[in-house]
Amino acid sequence: MSAGTVPAATMPGGTVEVTQRGPIATVTLSNPGRRNTMTEAMWLALEPVCAQLADDASVRAVMVRGAGADFSAGADISDLRAILRDEDSGRHDGGAVARGEAALAGLHKPTIAAVEGYCLGGAWQIAAACDIRLASSEATFGITPAKIGIVYPTAGIERLVRIAGPATAKYLLFSGDFVDAERARVLGLVQTVYPAEAFWDEVDEFVDRLASRSQLSIQAMKDIVDTVVSGDDSGAELAQANEHWQHLMTTAGDAETGIRAFLAKGTPEFTWNGGRDTQRRTADAPS
């Protein structure tokens with residue numbers, strides 16, 4: 001993927017675009033005048049976008065953001081039945097939302113949600129599917145199914161419970177209350193809150209730092225952490241993950257690069273970025 005703007009999906013009232021700055025790809029959700037609400041086509045666009053990013057060796061970190069002043073106000077309510085409907089089962093338990101969320105969560109590269117303004121309803125599922133969430137001090141979060149009488153998709157509830165715990169998940173889901181950025185940090189929804197006036201400078205610096213780190217280390221530890229929280233009580237999958245990455249560490253070259261730079265008191269220049277053939281999990285597989 002070359003630098004610049006690459007439209008990943010275009011539809012009436014909304015787009016999903018991928019831009020690239022050096023090794024960092026930015027996925028931008030845009031629905032002008034509607035606080036970036038997500039149409040069905042926008043949700044479905046996340047699958048090919050993630051596949052594109054997974055296969056592009058030049059991309060070392062992925063940031064997800066909204067266009068303008070808001071991350072997203074969530075799923076397009078006027079299109080909600082179509083968005084949530086699973087074509088195979090006929091049930092309204094995720095549909096396009098669950099597919100987009102799973103694709104983002106399954107991406108093996110580090111993903112960062114940069115949240116300004118509103119992050120509501122289904123938009124939280126996009127943010128939650130990212131590895132790290134950074135918020136502007138003026139961001140607002142809300143998970144609002146109880147306000148419109150729907151049952152939040154199971155995948156979204158499961159991820160929320162893992163991130164924030166059952167009591168906080170119930171508080172947010174039952175009440176539908178909005179919480180500000182600092183409260184969201186206290187509740188565990190976001191990792192860091194930056195002052196609004198410095199938000200994008202801080203985000204860019206953080207994402208640049210991630211892109212400069214060993215991607216072997218990051219991709220391995222992402223897989224291992226996700227395996228730990230997946231609930232495999234036998235420990236078999238965790239042992240498999242450890243064996244896979246320990247073996248790859250001996251052949252990938254990042255360890256030699258890092259140790260050599262450390263001993264020379266220099267800055268390592270890591271080059272490995274793997275590929276889907278080096279992963280145990282891919283963006284096409286469930287996380």
Side-chain angles (χ1 to χ4, degrees), residues 1 6 8-9 14-20 24-31 36-56 59-67 71-76 83-84 86 93-115 119-135 141 143 152-160 162-163 189-191 203 207 210-211 215 218-219 221-223 225-227 229-230 274 276 279-287:
M1 182 173 63
V6 181
T15 62
V16 175
E17 289 185 339
V18 179
T19 58
Q20 188 169 349
I24 297 157
T26 298
V27 177
T28 302
L29 316 173
S30 177
N31 197 343
N36 303 326
T37 54
M38 297 284 293
T39 64
E40 181 183 21
M42 290 172 71
W43 285 107
L44 294 175
L46 291 173
E47 288 186 292
V49 162
C50 288
Q52 174 187 358
L53 295 172
D55 289 337
D56 191 335
V59 173
R60 295 171 66 84
V62 177
M63 178 170 66
V64 182
R65 61 165 294 174
F71 187 78
S72 170
D76 183 349
I83 290 171
L84 292 177
D86 185 299
D93 185 26
V97 174
R99 289 172 62 180
E101 176 189 9
L104 187 55
L107 186 59
H108 62 273
K109 300 178 182 184
T111 53
I112 303 93
V115 181
C119 178
L120 307 178
W124 160 253
Q125 288 184 248
I126 296 175
C130 293
D131 299 311
I132 297 169
R133 288 159 293 283
L134 308 176
F141 296 81
I143 307 173
Y152 206 59
T154 302
I157 295 175
E158 182 180 21
R159 201 177 303 281
L160 176 62
R162 288 178 178 173
I163 289 171
L189 302 184
V190 301
Q191 281 64 61
V203 168
V207 179
L210 258 58
Q215 295 305 299
I218 288 177
Q219 292 178 30
M221 293 183 293
K222 175 171 180 171
D223 181 23
V225 170
D226 288 347
T227 301
V229 300
S230 69
R276 286 205 276 184
Q279 305 298 311
R280 296 190 319 117
R281 305 180 180 190
T282 74
D284 297 325
S287 61

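Start at 1 with the first residue, then count along the sequence.
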Output yes when a side-chain donor or acceptor of [X] lies under 3.5 Å from a complementary backbone atom of [Y], and no otherwise.
X    : Y    : result
T28  : A67  : no
Q215 : L210 : yes
S72  : G74  : yes

- Task: For T26 and R65, run side-chain contact (heavy atoms from CB on, under 4.5 Å): C-alpha distance rounded to whole Å, both residues' side-chain angles, the deciding distance at 0.1 Å, then the answer.
- Result: CA-CA 7 Å; T26 298; R65 61 165 294 174; 3.7 Å; yes
So [Y] and [X], do their side chains get closer than 4.5 Å, heavy atoms only?
X    : Y    : value
S30  : E17  : no
H108 : D223 : no
K222 : D131 : yes
K109 : Q219 : yes
Y152 : V97  : no
Q20  : D56  : yes
L44  : R99  : yes
I126 : L104 : yes

- Item | Residue pair V115, W124: steps toward the side-chain contact (heavy atoms from CB on, under 4.5 Å) verdict | CA-CA 10 Å; V115 181; W124 160 253; over 6 Å; no
- Determine the minimum heavy-atom distance between E101 and A129, stating which atoms define it.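 Distance-wise, the nearest heavy atoms are O-CB, 3.6 Å.
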- Looking at A114 and F71, what are the two nearest heavy atoms and their distance? O-CD1, 3.4 Å
- Item | Test side chain to side chain contact (heavy atoms under 4.5 Å, CB included) applied to R133 and T111, V190, I112, the passing residue |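 Filter result, single survivor: V190.
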- Query: Passes side-chain contact (heavy atoms from CB on, under 4.5 Å), I24 versus V59? Steps please.
  - Reply: CA-CA 6 Å; I24 297 157; V59 173; over 6 Å; no
- Measuring from N36:CG to M38:CE, what's the distance to the nearest 0.5 Å?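 Output value for this atom pair is 9.0 Å.
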